[in-house]
Structure formats: structure tokens, C-alpha cells
Chemist: 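This is the structure I have questions about; it appears just below.
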Amino acid sequence: MRRLFLLLLLALALGVMLSLGIAYDTGYVRVSFGHYLLETNVWVGLALLLILTLAVHWLLRLVMGLRLTPGSLRRWASDSARKRSQRRTNRGLLHLAEGNWGRARKLLVGAAAHSETPLINYLSAAEAAHELGDDQEAEELLRKAHESSDDGSLAVGLTQVRLQLSSGRPEQALATLLRLRRKSPKHPHVLRQLMNAYIAVEDWRELSQLLPELHAEGVLPDHELSMLEQQVWLKMLDKAAEQVQRQPPERRNLDHLDRIWDELPTARRRDEAVVFSYANYLAAMGEQARAEVLLRKTLRHSWSDRLVNLYGRISGPNPEEQLITAENWLKERPNSAELLLTLGRLSLRNCLWGKAREYFEASLSLQRKQETLAELCRLCAHQGDLEKSAALLRQGALEGNALPELPMPRPRTDSS
């Protein structure tokens with residue numbers, strides 16, 4: 001309080017002295033410089049001089065505090081350039097996210113030289129160039145990305161693979177991936193993209209050898225991996241069957257098809273789709289007996305309506321034994337419409353017309369299938385029951401087309 005009182009007293013004294021001085025004489029000051037002339041009184045001149053002195057003093061302290069040496073000036077310029085680069089990079093990434101490819105590419109490339117993350121700039125710019133359809137520039141930007149970072153080769157390679165796959169160049173993508181795999185053999189994303197590349201080039205053999213690694217590294221969930229494995233083996237069976245079918249019938253050799261079956265994992269040998277494909281190819285190539293044995297053994301442990309249907313279409317070496325086998329299945333599955341259809345067909349192979357008709361009718365009573373209607377229609381026609389055959393044919397045509405309810409003319413009578 002005492003110090004504050006003294007300051008107030010001093011300020012009051014100075015104020016009184018200043019007011020007395022101004023009252024005594026204002027004075028006169030004139031400053032001339034070139035064509036400029038400044039005129040004022042002494043007191044205003046003193047005030048301006050004081051303000052100018054304080055400003056020079058503050059500026060000198062600021063300069064001394066900054067210590068603006070050449071090195072500090074370079075650092076200041078570098079920081080400014082880096083900040084501008086960061087702002088342009090952020091804007092470029094924003095344009096990339098919005099799909100403004102041309103603007104994004106220009107901003108990202110322009111900011112790369114002073115960016116703290118030039119790898120990100122060049123990779124993002126390469127994606128923008130790819131979206132613009134300029135794959136040559138995209139490759140050049142990827143090269144710059146690789147040169148900008150010592151440890152970014154994997155990121156550059158995976159980006160290159162993604163762009164190659166997107167532009168329909170799976171062979172090039174595969175070559176890039178094989179190079180990346182040598183450096184990072186267990187990298188999950190490398191393995192996933194390698195899987196995609198093999199699918200794109202339809203190299204099912206190599207993909208089958210990749211499946212254990214996909215499982216070991218957890219690249220796919222179990223259900224997706226199971227579906228992929230099924231697809232791979234089905235495609236390999238299809239390809240092997242195509243090769244066999246291209247051979248002359250008199251020199252046809254099923255060794256390649258059988259080899260694929262022998263390579264199947266144990267679980268896939270019980271897979272309905274895989275067993276159906278293999279058995280169907282065997283039957284189509286004249287190996288009806290082998291197909292019958294395969295289906296019989298599979299159905300003994302794993303029931304499948306699809307395989308039962310195929311069993312009824314195959315002409316085994318012993319039709320009577322085939323029928324007895326299927327009738328034994330009926331004891332456990334008396335309400336299987338698919339099995340009854342198969343029994344009807346096997347009865348026809350044994351020339352048991354009446355039994356076949358009974359089985360077909362029993363199947364229809366459980367499920368109205370076009371396939372069963374057609375079999376019964378054909379049988380009735382050959383038995384001479386044309387009226388029943390025509391009725392079944394009409395039912396099949398009407399049920400199969402889901403016709404809407406519409407008014408129909410009444411049938412003609414003899415009296416009319």
C-alpha cells in the first residue's frame with residue numbers, strides 16, 4: 001500500500017508540473033525533411049519522441065530475443081514451408097476423400113517436397129492418378145514414394161498391387177505380390193491380396209497350396225475359409241474334367257481327375273458339393289459303377305437329398321442291388337420325397353412299372369416337384385394312361401408358370 005501511495009503521489013506531482021509547464025508556454029517545434037514539414041508544440045513533440053524511443057527499445061529487445069542468425073532464418077523459413085505443406089496435404093487428402101481426383105493429385109504432389117510424410121503424399125497422389133485413368137503417372141508416383149522412404153517398400157508394394165488389381169492387371173499384381181512375399185512371407189494383407197490375385201488369374205492349384213497359410217495366419221474367418229476351400233477344389237475338379245473331356249473317347253484317361261480326388265483333404269471328401277461334382281463327372285465319363293459306389297458310401301454316413309437324386313440317375317452295374325440299397329434307406333426316411341423319386345427311377349431300371357408309379361405318386365403327395373410330375377407323366381403315357389398323363393402334363397405346365405387367376409370360357413358340351 002505504501003508503494004502504491006508513493007507512485008500515485010509521484011504521478012500527481014508530474015501531472016501538476018506538466019500542467020504548469022503547458023500553462024507557462026507551449027513552445028514551438030518545426031522539423032523539415034525534403035518536401036515534408038512537421039510543425040507542433042514542444043509538449044506534443046516530447047510525447048512523440050518518448051513514444052518513438054519506447055518503440056525502438058521494444059523492437060531492439062524483440063530482435064535480440066529472436067537472435068535472428070542465418071541458421072535461425074533458415075529454420076524459420078523451413079518451418080513456414082512445412083506448415084504450408086501440411087495445410088496443402090490436409091486439403092489434398094480431403095479432396096481425395098471427396099473424389100476430386102485432379103485437385104487432390106495437384107495438392108498432394110505439390111506439398112510432397114516439404115511434407116513430413118512424403119510417402120503418404122505420393123501414395124495418395126498415385127491413387128488419385130489411378131482414378132483419373134493415368135496408370136503411367138500412378139506408377140511414376142509410386143516410384144517416388146519408394147524413393148522417399150527407406151521403410152515404406154511394403155506399403156508402396158501393396159498400394160501398387162491394389163491399383164493393378166483394380167485396373168484389371170492381375171498378372172502384374174501377382175508378380176508384385178510374389179516379390180513382396182519373399183520379404184514378408186507371413187504378412188496377412190500380402191497373403192490376402194495373393195489370394196485375390198490367384199482367384200483373378202484362376203490359378204486354383206497355387207491357391208490350394210496357399211490355403212494352409214491363410215488358415216495359419218488367420219487371414220479369413222473360419223466360415224469364409226471353408227467356403228473358399230470348397231470353391232478351390234470344385235474349380236480344380238472342373239478344370240481336370242475339362243482336360244479329360246478334351247481327350248479322344250477311345251483314349252480317355254481319368255488319372256488327372258482321380259489325382260485331384262486323392263489330394264482332397266479328408267473333410268472335403270464328405271462335402272456334398274464336392275462329392276456331387278466328382279460323382280457326376282465319373283458318371284458322365286462312363287464310370288457309372290464307381291459313381292454308384294461313391295454315392296452309396298457317402299450316403300451311408302452323410303445324408304443329402306442332392307446326392308440321393310443323383311443316385312437315382314446313375315445306372316449301376318446291378319440295378320436290383322441298387323434298388324434294395326435305396327429301399328433300406330427308406331426304412332429310416334419314409335417321408336423323404338427325394339428318396340421316393342429315386343426309388344421310382346430305380347424301379348424303372350428294374351422294369352417294375354407298378355412299383356415305380358407308386359413311388360412317384362407317394363413322392364408327389366409329399367412334395368409337388370416338376371421333376372416328379374414329369375417322371376410320372378412319362379410313365380403314364382407309356383402305360384397307355386393318356387388321360388392321366390395329359391392331366392399331369394397340364395398340372396406341370398400350370399404349376400410351373402404360376403399363372404394368375406383369370407376368367408376362362410366354359411368347356412364345350414355336345415348339346416351346345
Side-chain angles (χ1 to χ4, degrees), residues 245 272-273 275-277 279-296 298-299 303-416:
Q245 289 168 344
E272 175 191 299
V275 172
F276 180 90
S277 178
N280 195 36
Y281 281 132
L282 287 175
M285 296 173 186
E287 295 291 335
Q288 301 272 346
R290 291 176 58 191
E292 189 273 333
V293 171
L294 172 62
L295 291 171
R296 175 158 39 87
T298 303
L299 288 166
W303 187 257
S304 162
D305 284 347
R306 188 182 183 193
L307 296 183
V308 166
N309 186 290
L310 181 59
Y311 190 76
R313 294 172 175 271
I314 287 176
S315 177
N318 192 332
E320 184 178 356
E321 183 181 340
Q322 205 171 342
L323 176 60
I324 294 172
T325 299
E327 286 179 331
N328 287 331
W329 293 336
L330 187 63
K331 296 175 184 178
E332 299 178 1
R333 297 173 177 80
N335 296 319
S336 173
E338 205 68 53
L339 177 54
L340 289 166
L341 170 59
T342 289
L343 283 165
R345 286 171 168 161
L346 294 176
S347 297
L348 290 179
R349 292 194 186 281
N350 287 275
C351 301
L352 302 174
W353 321 125
K355 180 180 279 193
R357 182 163 178 169
E358 290 175 3
Y359 281 134
F360 288 145
E361 289 173 346
S363 179
L364 282 173
S365 68
L366 294 171
Q367 184 181 4
R368 303 288 294 184
K369 282 187 63 177
Q370 293 291 311
E371 190 178 358
T372 313
L373 277 171
E375 286 287 10
L376 184 56
C377 174
R378 180 171 63 172
L379 176 58
C380 289
H382 282 81
Q383 287 183 319
D385 192 350
L386 300 180
E387 184 177 349
K388 177 71 172 178
S389 178
L392 290 168
L393 185 63
R394 184 167 59 252
Q395 289 176 30
L398 295 177
E399 292 177 5
N401 289 287
L403 300 177
E405 292 291 336
L406 296 172
M408 290 288 141
R410 294 183 179 179
R412 288 188 172 186
T413 62
D414 294 339
S415 59
S416 62

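Both backbone and side-chain heavy atoms feed into the values below; hydrogens, waters and symmetry mates do not.
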Chemist: Could I get the full list of side chain to side chain donor-acceptor pair (under 3.5 Å) partners for W303, not counting sequence neighbours?
Modeler: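 Testing W303 for side chain to side chain donor-acceptor pair (under 3.5 Å), a comparison that skips the adjacent residues, returns D305.
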Chemist: Can you name the closest pair of heavy atoms from L366 and L340 and give their distance?
Modeler: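 So the two residues come closest at CD1-CD1, 3.5 Å.
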Chemist: Which residues satisfy the side chain to side chain contact (heavy atoms under 4.5 Å, CB included) test with D385, sequence neighbours excluded?
Modeler: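 Expected list: R357, C380, E387, K388.
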Chemist: Locate the shortest heavy-atom distance separating P319 from N350; write the atom from each residue and the value.
Modeler: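 Scanning both residues completely, I find the closest heavy atoms to be O-ND2, 3.1 Å.
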Chemist: Please list, chain by chain and in numerical order, all residues satisfying salt bridge (Lys or Arg N to Asp or Glu O under 4.0 Å) with E321, sequence neighbours excluded.
Modeler: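 In terms of salt bridge (Lys or Arg N to Asp or Glu O under 4.0 Å), with neighbours along the sequence ignored, E321 is linked to no residue.
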Chemist: Just jot down the salt bridge (Lys or Arg N to Asp or Glu O under 4.0 Å) partners of R368, sequence neighbours excluded, or say none.
Modeler: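 Scan of R368 (salt bridge (Lys or Arg N to Asp or Glu O under 4.0 Å), adjacent residues dropped) gives E399.
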Chemist: Which residues pass the side chain to side chain contact (heavy atoms under 4.5 Å, CB included) test with N309, not counting sequence neighbours?
Modeler: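 Counting only residues at least two positions away or on another chain, N309 forms a side chain to side chain contact (heavy atoms under 4.5 Å, CB included) with R313, E338, L341, R345, K369, E371.
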Chemist: With R296, which residues qualify under salt bridge (Lys or Arg N to Asp or Glu O under 4.0 Å), at least two apart?
Modeler: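 Applying salt bridge (Lys or Arg N to Asp or Glu O under 4.0 Å) to R296 gives E292.
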Chemist: Side chains of L348 and F360: does their closest heavy-atom pair fall under 4.5 Å?
Modeler: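 Sidechains of F360 and L348: in contact.
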Chemist: Can you list the residues that meet the side chain to side chain donor-acceptor pair (under 3.5 Å) rule with E272, with sequence neighbours excluded?
Modeler: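 Per chain and number, E272 pairs via side chain to side chain donor-acceptor pair (under 3.5 Å) with S304.
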Chemist: Please list, chain by chain and in numerical order, all residues satisfying side chain to side chain contact (heavy atoms under 4.5 Å, CB included) with A283, sequence neighbours excluded.
Modeler: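 Residues passing side chain to side chain contact (heavy atoms under 4.5 Å, CB included) with A283: Q288, A291, I314.
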Chemist: Do you know which two heavy atoms are closest between C377 and S389, and how far apart they sit?
Modeler: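 Closest approach of C377 to S389: O-OG, 2.9 Å.
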Chemist: Mind checking the CD-CG spacing from E320 to L352? Nearest 0.5 Å is all I need.
Modeler: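 Output value for this atom pair is 8.5 Å.
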Chemist: With a 6.0 Å cut-off (strictly less than), is the heavy-atom count around CD of Q245, excluding the residue itself, greater than 12?
Modeler: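 Atom CD in Q245 is packed in, count exceeds 12.
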Chemist: Which heavy atom of A279 sits nearest a heavy atom of L294, and at what distance?
Modeler: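 Taking A279 first and L294 second, the nearest heavy atoms are CB-CD2, 4.0 Å.
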Chemist: Tell me which pairs pass ring-ring contact (aromatic ring centres under 6.0 Å, His included) where either residue lies in residues 375-395, with sequence neighbours left out.
Modeler: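 Sorted pair list comes back empty.
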Chemist: If the condition is salt bridge (Lys or Arg N to Asp or Glu O under 4.0 Å), which residues does R290 pass it with, not counting sequence neighbours?
Modeler: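 For R290, the residues satisfying salt bridge (Lys or Arg N to Asp or Glu O under 4.0 Å) (neighbours in sequence not counted) are D258.
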Chemist: For Y311, which residues count as a ring-ring contact (aromatic ring centres under 6.0 Å, His included) partner, sequence neighbours excluded?
Modeler: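 Scan of Y311 (ring-ring contact (aromatic ring centres under 6.0 Å, His included), adjacent residues dropped) gives W329.
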Chemist: Provide the closest heavy-atom pair for L376 versus L364 in the form atom of the first, atom of the second, distance.
Modeler: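 L376 and L364 have their closest heavy atoms at CD2-CD1, 3.6 Å.
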Chemist: Suppose we screen for side chain to side chain contact (heavy atoms under 4.5 Å, CB included). Which residues come up paired with E327, at least two apart in sequence or across chains?
Modeler: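 Once residues adjacent in sequence are excluded, the partners of E327 under the side chain to side chain contact (heavy atoms under 4.5 Å, CB included) criterion are L323, L343, K355, Y359.
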Chemist: Looking at S315 and Q322, what are the two nearest heavy atoms and their distance?
Modeler: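 In this case the closest contact between S315 and Q322 is C-OE1, 4.3 Å.
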